[in-house]
Amino acid sequence: PVSPQSATGGRSARPRPSGSALRLLPPRTLHNAVPVLTADQRAAVDVPHGSGPVLIPGAPGTGKSTVLVEAAVRRAQRDGIDPERMLILAPGRLAADTLRDRFTARLDRSLSTTPARTWASYAFDLIRRAKAEGILPLPRPPKLLSGPEQDLIIKELLEGHAQPGLELPWPEDLGDALQTRGFRQEVRQLFDRIIESGRTAEDLVVLARRCHRPDWVAAAALYAEYRDVLDLRMPESFDPAGIITAARQIFQDEPDFLAAERDRLQLVLVDDMQEANPAVFELLADIAAGKEALITSSPDTVVQGFRGARPDLVAELPRLLAPAGGTVLERPLRTAHRHTPAVADAWLSVAGRISSRAGGQSARRLEQPQNPGSAEGAGGTVEAHLLPSPVHELRYVAQRILEAQLRDGRDLGDIAVIVRNGGQLSQLQRYLAGQGIPVRIPVAESAVRDEVAVRPLLDAYAVALDPAVLTPEAAVALLTSRIG
């Protein structure tokens, strides 16, 4: 998301008396206030300890994350569960950080361990502990392979196969794309899907012949070399996509380690389970089957599909969490806490056109609160506009922002623009800046290579390696940068 910001960063400018000392201000968002729960939220929070797994489906804005935090607080204060023996899991780092902050603020105490993690962080912690206990024979401490490191390995392999006599059987129409960053990203995504599913290069070859995909045959050969490079050069390194599978493999090879982990965890809480891939569902079954667990989901709202998310597997949770035919409770949420009627109706209309799996209808109910004043805002509109070109889209977005600021009196800090991918993000940022509209992009949404402090350094390295890239434009950019 792009947030247009005023010159004061979205905050009101206050004159500071001359000579006054700087002072710390409280955070803008406070998490220690006790929320007022609706009846459906209380039904989920008040599930007594010892009830086993509880599924909490709900549409966006029904307070699923609030239920998880309040349930964790309630179990710690009412039932005496040690917070350090709880595990709170979220699909992304930002969501995990938010849950951690809200949970620790409500407890009003600090914890020696991180109570909220992403799935990858939890899997990496399992691998680290397995190495410390001597279960995993690694020559060095485990390391999570970064995206740029993966990209570099794939780039080196592709460059090696560009030499005469070493070519892979890529289709001719891919010849011009083999050395591009976009192609490497596609290859990396394919490798991630192979790793997540626990497949091998031979499995990909079989699938390629069945589906008549010659490009997959070449990719399978490249994947086999990729695994060999990792095993020989960096045996302690784990792919972000394969770290979940690696953790599950430790559980399968060491039943005592799994039993100790299940005994350690007294409560497992999972947010947005619809964003999980099959390996995550299996890991959840390993640690939470038949145990105390609260799991929220909204199968119609998925943003991690490009990373293998399988919202259809939410319907399999009762079987995964109660393999012996035990009982799995369900406490659906229905009350809309942040959607006005217009927004709620629009969401329901779109969700209604998505094919639903068994049990998915319980997450498609949105009811306005009995007290209308409890919902944020009283009006709200939803509009759809079809424009003839991307240029018209940019102009229209800028026009609406300026109208909202000048005519409606809205602060730029209260306006957000959401785009589909990073390329559109950069394009929109440049256009709005050219129109005199200040823009702030969250750090998580921008690549490190594009950061103001990093880009000039990379350009300087490029010039040092190849002076031919020093064009007049590049020289001006370097001289006017922070290192100029």
Chemist: Are any of the side-chain heavy atoms of Thr62 and Thr335 separated by less than 4.5 Å?
Modeler: no
Chemist: Taking atom CZ of Arg410 as the centre, report whether more than 12 heavy atoms of other residues, nucleotides or ligands fall under 6.0 Å from it.
Modeler: no
Chemist: So does Val45 get a backbone contact from the side chain of Glu70, meaning a donor-acceptor N/O pair under 3.5 Å?
Modeler: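 Not a single qualifying donor-acceptor pair exists.
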Chemist: Just wondering, do Thr296 and Leu68 contact through their side chains at under 4.5 Å, heavy atoms?
Modeler: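 Side chain of Leu68 against side chain of Thr296, heavy atoms only: contact under 4.5 Å found.
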Chemist: For Glu393 and Arg395, what are the C-alpha separation, side-chain angles and deciding distance, and is it a salt bridge (charged side-chain N to carboxylate O under 4.0 Å, His left out)?
Modeler: CA-CA 5 Å; Glu393 290 180 346; Arg395 292 176 178 174; over 6 Å; no
Chemist: From Met86 CE over to Glu292 CD, what is the distance, rounded to the nearest 0.5 angstrom?
Modeler: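 These two atoms lie 10.5 Å from each other.
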Chemist: Do Val280 and Leu89 pass the side-chain contact (heavy atoms from CB on, under 4.5 Å) test, and can you show the C-alpha distance, the side-chain angles, and the key distance before you say yes or no?
Modeler: CA-CA 11 Å; Val280 169; Leu89 294 163; over 6 Å; no
Chemist: Determine whether Gln266 and Asp82 satisfy the following criterion, side-chain hydrogen bond (donor to acceptor under 3.5 Å, both in side chains), listing intermediate values before the conclusion.
Modeler: CA-CA 8 Å; Gln266 294 184 335; Asp82 185 353; over 6 Å; no
Chemist: Assess the side chains of Thr200 and Asp203: does a donor N or O sit below 3.5 Å from an acceptor N or O?
Modeler: yes
Chemist: Using a cut-off of 6.0 Å, state whether more than 12 heavy atoms not belonging to Arg199 lie near its atom CZ.
Modeler: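 12 or below, so no.
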Chemist: To check you understand the geometry: which heavy-atom pair defines the closest contact between Ser362 and Pro57, and what is its length?
Modeler: OG-CG, 3.4 Å
Chemist: Ignoring hydrogens and angles, tell me if any N or O in the side chain of Arg262 forms a donor-acceptor pair with the backbone of Ala289 under 3.5 Å.
Modeler: yes
Chemist: Would you say the side-chain atoms of Arg188 pair up with the backbone N or O of Gly147, donor to acceptor, closer than 3.5 Å?
Modeler: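 Yes.
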Chemist: Are Arg227 and Asp239 side-chain neighbours, meaning at least one heavy-atom pair lies under 4.5 Å?
Modeler: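 Sidechains of Asp239 and Arg227: in contact.
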Chemist: Output the distance between atom CZ (Arg210) and atom NE2 (His212), rounded to the nearest 0.5 Å.
Modeler: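 If we round to the nearest 0.5 Å, Arg210:CZ and His212:NE2 are 10.5 Å apart.
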Chemist: Of all heavy-atom pairs between Ala90 and Ala96, which one has the smallest distance, and what is that distance?
Modeler: CB-N, 3.7 Å
Chemist: Give a yes-or-no answer on whether the side chains of Gln185 and Arg181 include a donor-acceptor pair shorter than 3.5 Å.
Modeler: no
Chemist: Against Leu321, only a single residue in Val54, Leu284, Val268 fulfils side-chain contact (heavy atoms from CB on, under 4.5 Å); can you say which?
Modeler: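 Testing Leu321 for a side-chain contact (heavy atoms from CB on, under 4.5 Å) against Val54, Leu284, Val268 leaves exactly one candidate, Leu284.
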Chemist: Could you check whether any side-chain heavy atom of Tyr122 comes within less than 4.5 Å of a side-chain heavy atom of Ile244, counting everything from C-beta outward?
Modeler: no
Chemist: Checking the side chain of Thr104 only, and the main-chain atoms of Arg100 only, is there a donor and an acceptor separated by less than 3.5 Å?
Modeler: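 Such a contact is found between Thr104 side chain and Arg100 backbone.
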Chemist: Out of curiosity, Glu282 CD to Leu320 CG, how far, rounded to the nearest 0.5 Å?
Modeler: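 The distance works out to 8.0 Å.
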Chemist: Is the distance from the ring center of Phe191 to that of Tyr226 below 6.0 Å?
Modeler: yes
Chemist: For Gln368 and Ala336, work out which heavy atoms get closest and say how close.
Modeler: NE2-CB, 4.0 Å
Chemist: Taking the side chain as every heavy atom from C-beta outward, state whether Val314 and Asp312 have any pair of such atoms under 4.5 Å apart.
Modeler: no
Chemist: With sequence neighbours excluded, what pairs up with Thr327 under the side chain to side chain donor-acceptor pair (under 3.5 Å) test?
Modeler: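 Here no residue qualifies.
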Chemist: Distance from Leu432 atom CG to Leu402 atom CG, nearest 0.5 Å?
Modeler: 8.5 Å
Chemist: Grab the two heavy atoms, one from Gly352 and one from Arg364, that are nearest each other, plus how far apart they are.
Modeler: CA-NH1, 4.2 Å
Chemist: Looking at Arg102, His337, Gln41, which one forms a side chain to side chain donor-acceptor pair (under 3.5 Å) with Thr66?
Modeler: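 Going through the options one by one, the only one that passes is Arg102.
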Chemist: Would you say the side-chain atoms of Glu84 pair up with the backbone N or O of Pro115, donor to acceptor, closer than 3.5 Å?
Modeler: no
Chemist: Pick from Leu145, Ile195, Leu144: which one makes a side-chain contact (heavy atoms from CB on, under 4.5 Å) with Ile243?
Modeler: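 Of all the options given, the one that passes is Leu144.
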Chemist: Going from CZ on Phe281 to CE on Met273, what distance comes out if it is rounded to the nearest 0.5 angstrom?
Modeler: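 Answer for the CZ-CE pair, Phe281 versus Met273, is 4.0 Å.
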Chemist: Between Leu190 and Tyr223, does a side-chain contact (heavy atoms from CB on, under 4.5 Å) hold up when you go through it step by step?
Modeler: CA-CA 9 Å; Leu190 177 62; Tyr223 176 70; over 6 Å; no
Chemist: Given 3.5 Å as the limit, does a donor-acceptor pair link the side chain of Asp253 with the main chain of Ile250, or not?
Modeler: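 No.
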Chemist: In Å and rounded to the nearest 0.5 Å, what is the CD to CZ distance from Glu275 to Arg310?
Modeler: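 The distance works out to 14.0 Å.
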Chemist: Could you pull out the closest heavy-atom pair between Ala363 and Pro299, with the gap in Å?
Modeler: CB-CD, 3.7 Å
Chemist: Can a salt bridge be assigned to the pair Arg74 and Asp46 using a cut-off of 4.0 Å between side-chain N and carboxylate O?
Modeler: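 Yes, this pair counts.
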Chemist: Could you pull out all residues at least two apart from Ser65 that satisfy side chain to side chain donor-acceptor pair (under 3.5 Å)?
Modeler: Asp271
Chemist: For the backbone of Thr301 and the side chain of Gln274, can you confirm whether one donor and one acceptor N or O come within less than 3.5 Å of each other?
Modeler: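 Flag set: sc Gln274 to bb Thr301 pair under 3.5 Å.
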Chemist: Is the closest side-chain donor-acceptor distance between Glu149 and Ser146 under 3.5 Å?
Modeler: yes
Chemist: Any heavy-atom pair between the side chains of His339 and Pro60 that's under 4.5 Å?
Modeler: yes
Chemist: Determine whether a donor-acceptor pair (N or O, by modelled atom type, separation under 3.5 Å) exists between the side chain of Asp79 and the backbone of Ile81.
Modeler: no
Chemist: Run the side-chain contact (heavy atoms from CB on, under 4.5 Å) test on Asn277 and Trp119 for me, step by step, so that the C-alpha distance in whole Å, both residues' side-chain angles and the decisive distance to 0.1 Å come before the verdict.
Modeler: CA-CA 10 Å; Asn277 58 47; Trp119 284 97; over 6 Å; no
Chemist: Quick one: closest heavy-atom pair of Ala44 and Leu294, and the distance?
Modeler: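 Scanning both residues, the minimum pair turns out to be O-CD2, 4.2 Å.
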Chemist: Should Leu55 and Leu329 count as side-chain neighbours, where that means a heavy-atom distance under 4.5 Å?
Modeler: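 Of all side-chain heavy-atom pairs linking Leu329 with Leu55, none is under 4.5 Å.
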Chemist: Mark yes or no for whether Ser51, through its side chain, and Val47, through its backbone, hold a donor-acceptor pair below 3.5 Å.
Modeler: no
Chemist: Spell out, as yes or no, whether a donor-acceptor pair under 3.5 Å connects the side chain of Arg85 to the backbone of Leu265.
Modeler: no
Chemist: Got Arg117 and Ile88 here, is their nearest side-chain heavy-atom distance under 4.5 Å?
Modeler: no
Chemist: Step by step, work out the side-chain contact (heavy atoms from CB on, under 4.5 Å) result for Arg420 and Leu425.
Modeler: CA-CA 8 Å; Arg420 181 178 176 85; Leu425 191 68; over 6 Å; no
